[in-house]
Peer 1: 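One structure follows; several queries about it will come next.
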2 protein chains.
Amino acid sequence: MSGSLEETSSAPGTRTIGQYLIDRLTELGVGHMFGIPGDYILTFFKLVEESPIEMVVTTNELAAGYAADAYARLKGIGVACVTYAVGGFSLTNALACAYAEKSPVVVISGAPGLRENKRNVLLHHMVGPSTTQLAVFEHLTVASCVLDDPLTAFREVDRVLNACLRHKRPVYIEIPRDRVTMTPIHPHSPLVEAPISDSDELREATGEALAMLWSSKSPVILAGIELNRFKLADSVLRFAEKHKIPIASTLLSKSVIRERHPLYVGVYQAAMGRPQVTKFVEESDCVLMLGAMLTDVDTGIFTHKLDQNRVIFATSESVQIRYHHYQGILLSDFVSKLCDASLPNYARTIPKDSNPISEPWEAKRDEAITVRRLFQKVNAILGEKVTVIADPGDALFGAADLAVLDTAEFLGSAFYATLGWAVPASIGAQRAHPEHRPIVLVGDGAFQMTGMELGTTRRGGFNPIVIVLNNKGYLTERFLLEGKFNDIPDWKYHKLPEVIGTGIGFEVRTEGELDRALSEALENTESFSLLNVHLAQTDFSPGLKRLGEGLSKRV
Amino acid sequence: MSGSLEETSSAPGTRTIGQYLIDRLTELGVGHMFGIPGDYILTFFKLVEESPIEMVVTTNELAAGYAADAYARLKGIGVACVTYAVGGFSLTNALACAYAEKSPVVVISGAPGLRENKRNVLLHHMVGPSTTQLAVFEHLTVASCVLDDPLTAFREVDRVLNACLRHKRPVYIEIPRDRVTMTPIHPHSPLVEAPISDSDELREATGEALAMLWSSKSPVILAGIELNRFKLADSVLRFAEKHKIPIASTLLSKSVIRERHPLYVGVYQAAMGRPQVTKFVEESDCVLMLGAMLTDVDTGIFTHKLDQNRVIFATSESVQIRYHHYQGILLSDFVSKLCDASLPNYARTIPKDSNPISEPWEAKRDEAITVRRLFQKVNAILGEKVTVIADPGDALFGAADLAVLDTAEFLGSAFYATLGWAVPASIGAQRAHPEHRPIVLVGDGAFQMTGMELGTTRRGGFNPIVIVLNNKGYLTERFLLEGKFNDIPDWKYHKLPEVIGTGIGFEVRTEGELDRALSEALENTESFSLLNVHLAQTDFSPGLKRLGEGLSKRV
């Protein structure tokens, strides 16, 4: 596809490189950054402190990266701000996650000043040549730059931020500490990119897609994660409503469509999903996949049975119809053409789904709590203004069945599947949507990785409810291959509030205890609540059960 | 330099790729690995479980990397074992540290099997092409390989391990999960590298160096970290004793020479060091630098005044005499030639040093504890079989003045300076030297990053004494530029044992409390002890005071 570059009319001035970067990010909606100070980035931290942006100092850089990622998923852009090397290399995994799952995260890293960084000089934090960090991040970003020259720095900021917004993937901005306060050599006006589709490709592809839809009796939409990233979910929903086309989501895109919407079918996961949902999607005579990624998780480890002759697969990277591709079409233009088209009213009947956790909850007070019942209870308390954040593992597989109420109320690392994502993500999510309360579902192994990020809630404005699924081990691995390496020491997670100095902890073994703890947690809006839920080592969710059954059927 | 490759006579057989890797590492002295399981590495974990090697499962991969690094510093090789991407990218910072500070760490990473990893297939944990992780690690290692072919895999293991041992820097071994149990196509004998020096270069360089030493009246040895890495410290000490040449160390190499040895001068840090040590080294008419790295930390931010015309600077990478270099000389051969040479008896008098923390300790019971007094007390309790592990920041600057008793009893990330290194490092250190007890000095900011690694002590055999210097902030940054980003929430660190389920915690505000806490900690040999030592926000160590004074004199 081609693109045009528009010079906007903002007045040139003598803003410094650092200030320009802050201003551009503010214009894009950044109200918070996440990071850890360090000497190479201190000057920039001071500039941020003097700006309208709040710097949320996390416990470590990996957590800052996860928080920025969650913030980006909700706000359209997120920023992690770190010092050179010790900071940057500590968040590579968060950036890899953002890259894999298409989250527009901007990493701003300090660096040694050009004046101090001479040949053969070993400055603290350096790893080989000073370009090492840039070289590493080039593999994990869609654009990167070093703001080492006031002639090019302003243009470079524009280029890199445009790439971030266009691809919804991470970018890397390195700023040597002695360049932060430099001013432009020439006046600079921000350069905003407005990419456009190739009109011939768009016409042909839309024509083909509409012809397939016209000849279809029972189409279905598979709404992928890019509908969230490119803010197209509302348009697609209106399109679906206009023609009464049912919509399924993937696990990665769960909640991109309101799950209690009458056209919503459920989370499609092939053999790993609920049978009714799988059957409904796979029996459709046309599958309109919009912004989806065909990952192993989202296809139930490639058990999906979707006849490619009946698939229209549009993403930000290409539009594929049956077996051919169009490379020059913007997803937004494709969706827009669909919205404008005239199509039949399909009015498919969506079968009543037997969600294993949707029965009304009534506690059997002294019964030991099971995984299934835990998810049933969580499902029962889901209300408005709640964001469910699920960590990979059974917390995520089980959460697939939760019926969240509104859009963008479910977050999970459902493709990259990085353990320990959820608690730090809740920090970013609550700064992005301060009026939404996070409910975090996290396994004990994952919680041990990053759970101390709850310490950051002391900075105010956070009240997540964190539910630790404590089965003393890496459950999904036990499932595959048992060994003592799957055992995890049984911490008293509910005592963490005593260490951190805020929050309320609960130890839960029975359904009655779960009821009481969640009631108190919902009432405690001033701080985090943590439920240490003891579960049997071999107990697991309906979602994981389906995965096992689906895989065994496949073999 | 050239090198010869010797085929050893170990019998070829049908060992699998995974088993061969384990066997080679065992032969090199690896008794423990550090890691986290994950599905792509599970088969290998199971093989390790069935081997004599103990797999220490840490709380997260970064900690596994730090632990393997500390283990490598003490044992000559260390191994971190992780799953693909989510595991590998989580420890890049530990590997960067090992690269910068020359620590021979082997990373073994699982990967998707070749049979499942087809074109355009999105497998969980993948970030772009499946080669992304290799591409990243190539920047942080001296050799790397993917064991994807049983024809080459065995040879590749040899090549990569040889590079690790030769350069004492990290290497990366990726093993697709369906290759772990494959057997060789042809018989394979381990290939052990025996690099040798260029004899002409060695003769000329040694001749020059000895001539300089002969014409010197007051030489000094600056013993660098490579003497530890290449196990040359004993030879150099015998050389020094033979000719009565005084020896200083750097902060990075502190304890490479026993600090209570009569020839030991102290830690040389130029303007940042103790004045007597700086004066003594800089007044020497010949400085024999062996295996040192001229970093900003070790040169007191480049305040060192060493006349290059009087410097012999030998490292594993080159021998530099005055202004010219020799590139083909092994450090071990150069040291060996010095040891064999005939030289005068120099018998320089080492001035009595006024170490600010070496006075005998007597508690003023109700006095608030200060940083200086804390270090004085720690100095007073240092005994045999103690490893001091200092985290970067004032914990490290202050620890520079500690007089540790034996060699290899001080560990710190004194060049790469990565916060949060010390607690996980203590896990590796104690597995490497089980009879040595770690005393960990760590700031509150650093402790919040990785301190939960104390949870791993529940796996048995660990009893570190962890002293948290709790000044509620990033002190060394406050020193440079104040801002609220330097504030750190005041956790009740001493209550962590209640969460982890082992250990003893102490809260310390006065000298009397410090005395009591350390007495109890020394008696508690069964679990970790944690001292939460409250310090004034603006208090700092004599070492950091000298840094400030040194820098202000320089400006």
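The sequence lines fix the lettering, A, B, ..., with proteins before strands; numbering per chain opens at 1.
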Peer 1: At a heavy-atom distance under 4.5 Å, which candidate from K484(A), M55(A), H494(A) has the highest pair count against chain B?
Peer 2: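 Heavy-atom pair counts peak at K484(A).
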Peer 1: Please check: side-chain N/O of K492(B) versus main-chain N/O of P497(A), any donor-acceptor pairing under 3.5 Å?
Peer 2: no
Peer 1: Pick from G501(B), G505(B), G455(B), G451(B): which one has the most heavy-atom pairs with chain A under 4.5 Å?
Peer 2: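 Ranked by contacts with chain A, first place is G455(B).
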Peer 1: Side chain, backbone, both or neither: which part of E482(B) has a heavy atom under 4.5 Å from chain A?
Peer 2: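 The answer is the backbone of E482(B).
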Peer 1: Counting only heavy atoms closer than 4.5 Å, note whether L481(A) contacts chain B via side chain, backbone, both or neither.
Peer 2: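 Interface part for L481(A): both.
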Peer 1: Any donor and acceptor pair, going by atom type alone, linking the side chain of R458(B) with main-chain N or O of I488(A) inside 3.5 Å?
Peer 2: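 Checked: no pair found.
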Peer 1: Non-hydrogen atoms of chain B under 4.5 Å away: do they reach the side chain of N532(A), the backbone, both or neither?
Peer 2: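 Nothing of N532(A), per the 4.5 Å heavy-atom cut-off to chain B.
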Peer 1: Heavy-atom cut-off 4.5 Å, strictly under: side chain, backbone, both or neither for L419(A) against chain B?
Peer 2: neither
Peer 1: Among A63(A), A100(A), G38(A), single out the residue with the greatest number of heavy-atom pairs under 4.5 Å to chain B.
Peer 2: G38(A)
Peer 1: Heavy atoms only, distances under 4.5 angstrom: which of R459(A), Q448(A), H125(A) has the most pairs with chain B? Name it, please.
Peer 2: H125(A)
Peer 1: Which one wins on heavy-atom pair count under 4.5 Å against chain A: V127(B), V499(B), T295(B), T59(B)?
Peer 2: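 Most pairs with chain A among the choices: V499(B).
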Peer 1: Select one option (side chain, backbone, both, neither) describing which atoms of E498(B) are under 4.5 Å from chain A's heavy atoms.
Peer 2: both
Peer 1: Is the backbone of L42(B) close enough, under 3.5 Å, to the side chain of E477(A) for a donor and an acceptor to pair up by distance?
Peer 2: no
Peer 1: Which word best sums up how the rings of H139(B) and H139(A) line up, parallel for under 30°, tilted for 30 to 60°, or perpendicular for over 60°?
Peer 2: tilted
Peer 1: To check you understand the geometry: which heavy-atom pair defines the closest contact between T58(B) and Y474(A), and what is its length?
Peer 2: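 Smallest heavy-atom distance, with atoms named: O-OH, 4.3 Å.
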Peer 1: Please evaluate residues D296(B) and E116(A) with respect to the criterion side chain to side chain contact (heavy atoms under 4.5 Å, CB included), reporting the C-alpha separation (whole Å), side-chain torsions for both, the decisive distance (0.1 Å), and the verdict.
Peer 2: CA-CA 10 Å; D296(B) 55 357; E116(A) 61 194 312; over 6 Å; no
Peer 1: Identify every side-chain donor-acceptor pair in residues 84-96 of chain B under 3.5 Å, counting partners at least two apart or on other chains, and give the distances.
Peer 2:
from	atom 1	to	atom 2	distance (Å)
Y84(B)	OH	S130(B)	O	2.6
S90(B)	OG	N93(A)	ND2	3.3
S90(B)	OG	V86(B)	O	2.6
T92(B)	OG1	F89(A)	O	2.9
T92(B)	OG1	T92(A)	OG1	2.5
T92(B)	OG1	F89(B)	O	3.1
N93(B)	OD1	Y416(B)	OH	2.7
N93(B)	ND2	S90(A)	OG	3.3
N93(B)	ND2	Y66(B)	OH	2.9
N93(B)	ND2	T418(B)	OG1	2.9

Peer 1: Using 0.5 Å steps for rounding, measure from the CD atom of Q133(A) to the CG atom of L140(B).
Peer 2: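 The CG atom of L140(B) is 10.0 Å from CD of Q133(A), to the nearest 0.5 Å.
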Peer 1: With only heavy atoms counted, which part of F485(A) is less than 4.5 Å from chain B, the side chain, the backbone, both or neither?
Peer 2: both
Peer 1: Taking side chain to side chain donor-acceptor pair (under 3.5 Å) as the test, write out the residues that go with D298(A), two or more places apart.
Peer 2: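 D298(A) satisfies side chain to side chain donor-acceptor pair (under 3.5 Å) with T250(A) only.
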Peer 1: What distance separates D39(A) CG from T476(B) OG1, expressed to the nearest 0.5 Å?
Peer 2: 7.5 Å
Peer 1: Please classify the contact of V57(A) with chain B as side chain, backbone, both or neither, using a heavy-atom distance under 4.5 Å.
Peer 2: side chain
Peer 1: Answer with side chain, backbone, both or neither: which region of F45(B) has an atom nearer than 4.5 Å to a non-hydrogen atom of chain A?
Peer 2: both
Peer 1: Apply side chain to side chain contact (heavy atoms under 4.5 Å, CB included) to the pair L496(B) and W491(A), showing each step before the final yes or no.
Peer 2: CA-CA 10 Å; L496(B) 266 180; W491(A) 292 0; over 6 Å; no
Peer 1: Between chain B and each of P129(A), G483(A), P489(A), count heavy-atom pairs under 4.5 Å; write down the option with the most.
Peer 2: P489(A)
Peer 1: Checking V297(B) against chain A: side chain, backbone, both or neither under 4.5 Å from a heavy atom?
Peer 2: side chain
Peer 1: Between V121(A) and F302(B), which heavy-atom pair has the shortest distance, and what is it?
Peer 2: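 Minimum heavy-atom separation between V121(A) and F302(B): CG1-CZ, 3.2 Å.
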Peer 1: Side chain, backbone, both or neither: which part of E453(A) has an atom under 4.5 Å from a heavy atom of chain B?
Peer 2: neither
Peer 1: Output, in order, the C-alpha distance, side-chain angles, deciding distance and verdict of side chain to side chain contact (heavy atoms under 4.5 Å, CB included) for N60(B) and T450(A).
Peer 2: CA-CA 8 Å; N60(B) 60 41; T450(A) 60; 5.8 Å; no
